[in-house]
Visitor: 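The following block contains the structure, expressed as structure tokens.
Heavy-atom basis, side chains included; hydrogens, waters and symmetry copies ignored. The structure presented is a predicted model; accordingly, all values stated were derived computationally and were not measured.
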Amino acid sequence: MSEPQTVTPIARRSLHDELVARLRNMIVEGELRPGARLPEKELCTQFGVSRTPLREALKVLAADGLVEISPHRGATVVQISRSDIEEMFPVMGALEALAGELACAKIDAAGLAEITALHHQMVAHYHRKELAEYFRLNQQIHERILAAAGNATLSALHSGLAGRVRRARYMANMSPPRWRQAVEEHEQILAALTERDGARLAEILRRHLEHKAEVVIANMTDAEAETAAQSAAG
């Protein structure tokens, strides 16, 4: 009698992950705007999937706080308010600070070399003013530090906020002075990680998130003032 074949349902899992990732990026990068409805029929056609995997993906994004699902309206992109920023960023700063402290104690030479290479690539994109590519590598650096911390509970808590924090970051315009400051902070992050200085890296990462929150709130304030001025003029 022949041995039974092993069944490994990779295709469905890959489809689900890819669908969640694409929808998350569309929301985070602003292609799907806050408050916008997510039309199931159009999205199914766009991605070539049935409604079942789409709805499963939307449930994941709802759990991440990026989508709100209503029995009558369907799924809509969640609006991010000033109070959301004021609540989320200090928590994310504390999580990243802990990740940095743990990473300094646990990271190996290969992990440090990978982060160093990503950093230099990111800085090259900064000098070429390639913001999208800069953001992508910036995100990867923070993810590698989190992975180097080697703490599954910390990773799960971080994941619960990561999508909304990324969405807020993309909402903010990166002025030249703030962009330069962010790169300088990343130079400090790399230096502290290289020196395995956990306390210093924790403080840098916490301050890094504080500065991000300040930029997002400042942009929200400017947008509100502009909207008010347009309403008054009209």
Side-chain angles (χ1 to χ4, degrees), residues 17 20-21 24-25 28-29 60-61 63-66 84-127 130-172 174 178-216:
D17 291 348
V20 169
R24 181 182 285 117
N25 285 337
V28 166
E29 296 175 10
V60 173
L61 296 175
D64 288 347
L66 291 173
D84 292 330
I85 302 302
E86 292 170 346
E87 288 185 2
M88 289 189 303
F89 274 78
V91 175
M92 181 61 91
L95 294 174
E96 295 222 344
L98 178 56
E101 194 167 359
L102 292 173
C104 282
K106 296 182 178 182
I107 195 166
D108 58 17
L112 181 58
E114 182 181 16
I115 290 173
T116 300
L118 289 171
H119 172 82
H120 291 312
Q121 293 173 41
M122 183 191 72
V123 172
H125 288 303
Y126 162 71
H127 288 303
E130 296 168 342
L131 187 58
E133 293 82 358
Y134 168 88
F135 271 142
R136 178 175 55 81
L137 290 171
N138 183 303
Q139 183 68 25
Q140 288 182 27
I141 290 169
H142 286 276
E143 289 172 353
R144 296 298 192 281
I145 293 173
L146 179 65
N151 188 302
T153 300
L154 175 59
S155 294
L157 292 170
H158 187 280
S159 177
L161 281 177
R164 281 178 289 167
V165 169
R166 283 181 61 207
R167 175 71 193 100
R169 183 193 67 184
Y170 270 91
M171 289 166 56
M174 185 76 90
R178 173 54 196 144
W179 198 357
R180 182 170 60 253
Q181 181 187 34
V183 172
E184 290 171 355
E185 288 170 358
H186 264 269
E187 296 280 4
Q188 296 169 18
I189 288 169
L190 180 61
L193 185 61
T194 301
E195 295 165 11
R196 307 296 203 280
D197 190 336
R200 181 172 159 227
L201 180 55
E203 179 56 32
I204 294 167
L205 286 166
R206 185 179 289 108
R207 188 170 65 246
H208 189 58
L209 267 292
E210 287 175 359
H211 291 161
K212 286 185 179 181
E214 290 168 2
V215 171
V216 174

Visitor: Can you name the closest pair of heavy atoms from Ala168 and Val216 and give their distance?
Guide: O-CG2, 3.5 Å

Visitor: Mind listing the side-chain donor-acceptor pairs of residues 152-163 below 3.5 Å, one per line with the distance, residues two or more places apart or on another chain?
Guide:
{"unit_1": "Ser155", "atom_1": "OG", "unit_2": "Asn151", "atom_2": "O", "d": "3.2"}
{"unit_1": "His158", "atom_1": "NE2", "unit_2": "Glu96", "atom_2": "OE2", "d": "3.0"}

Visitor: Which pairs with one or both residues in residues 188-199 pass salt bridge (Lys or Arg N to Asp or Glu O under 4.0 Å), sequence neighbours excluded?
Guide: Glu195-Arg200

Visitor: Taking only residues two or more places apart in sequence or in another chain, which ones pass side chain to side chain donor-acceptor pair (under 3.5 Å) with Arg24?
Guide: Asp64

Visitor: When rounded to the nearest 0.5 angstrom, what is the spacing between CG in Leu193 and CD1 in Ile189?
Guide: 9.5 Å

Visitor: Filter on salt bridge (Lys or Arg N to Asp or Glu O under 4.0 Å), then keep only pairs touching residues 150-167, sequence neighbours left out; what's left?
Guide: none

Visitor: If I take atom CD1 from residue Ile141 and atom CG from residue Leu190, how far apart are they, to the nearest 0.5 angstrom?
Guide: 8.0 Å

Visitor: Give me each pair satisfying salt bridge (Lys or Arg N to Asp or Glu O under 4.0 Å) with a member in residues 130-148, each pair once, sequence neighbours excluded.
Guide: Glu114-Arg144, Arg128-Glu130

Visitor: My understanding is that only residues two or more places apart in sequence, or in another chain, count here; which of them pass side-chain contact (heavy atoms from CB on, under 4.5 Å) with Ala147?
Guide: none

Visitor: For the residue pair Ala149 and Ala99, what are the closest heavy atoms and their distance?
Guide: CB-O, 3.6 Å

Visitor: Taking ring-ring contact (aromatic ring centres under 6.0 Å, His included) as the definition, give me every residue that meets it alongside His125, ordered by chain and number, with sequence neighbours left out.
Guide: none

Visitor: Report the distance from atom CG of Leu118 to atom CD1 of Ile145, rounding to the nearest 0.5 Å.
Guide: 10.0 Å

Visitor: How long is the span from the CG atom in Leu102 to the CD1 atom in Ile107, to the nearest 0.5 Å?
Guide: 12.0 Å

Visitor: Rounded to the nearest 0.5 Å, what separates atom OH in Tyr134 from atom CD in Gln121?
Guide: 14.0 Å

Visitor: Taking only residues two or more places apart in sequence, or in another chain, which ones meet Glu101 in a side chain to side chain donor-acceptor pair (under 3.5 Å)?
Guide: none

Visitor: Under the criterion side-chain contact (heavy atoms from CB on, under 4.5 Å), I'd like the reasoning laid out for Val215 against His211: C-alpha separation, chi angles, the key distance, then a yes or no.
Guide: CA-CA 6 Å; Val215 171; His211 291 161; 5.7 Å; no

Visitor: Once ring-ring contact (aromatic ring centres under 6.0 Å, His included) is applied, what residue pairs with a partner in residues 93-119 remain, sequence neighbours excluded?
Guide: none

Visitor: Once side-chain contact (heavy atoms from CB on, under 4.5 Å) is applied, do any residues pair with Glu86, and if so which ones, sequence neighbours excluded?
Guide: Arg82, Ile217

Visitor: Taking the inter-plane angle between the rings of His208 and His142 on a 0 to 90° scale, is it parallel (under 30°), tilted (30 to 60°) or perpendicular (over 60°)?
Guide: parallel

Visitor: Between Tyr126 and Arg180, is there a side-chain heavy-atom distance shorter than 4.5 Å?
Guide: yes

Visitor: Restricting to non-hydrogen atoms, name the atom on Ala192 and the atom on Cys104 that form the minimum distance, rounded to 0.1 Å.
Guide: O-SG, 4.0 Å

Visitor: Just to verify, what does Gln188 make a side chain to side chain donor-acceptor pair (under 3.5 Å) with, not counting sequence neighbours?
Guide: Arg207

Visitor: Nearest 0.5 Å, please: how far is CG in Leu201 from CZ in Arg206?
Guide: 10.5 Å

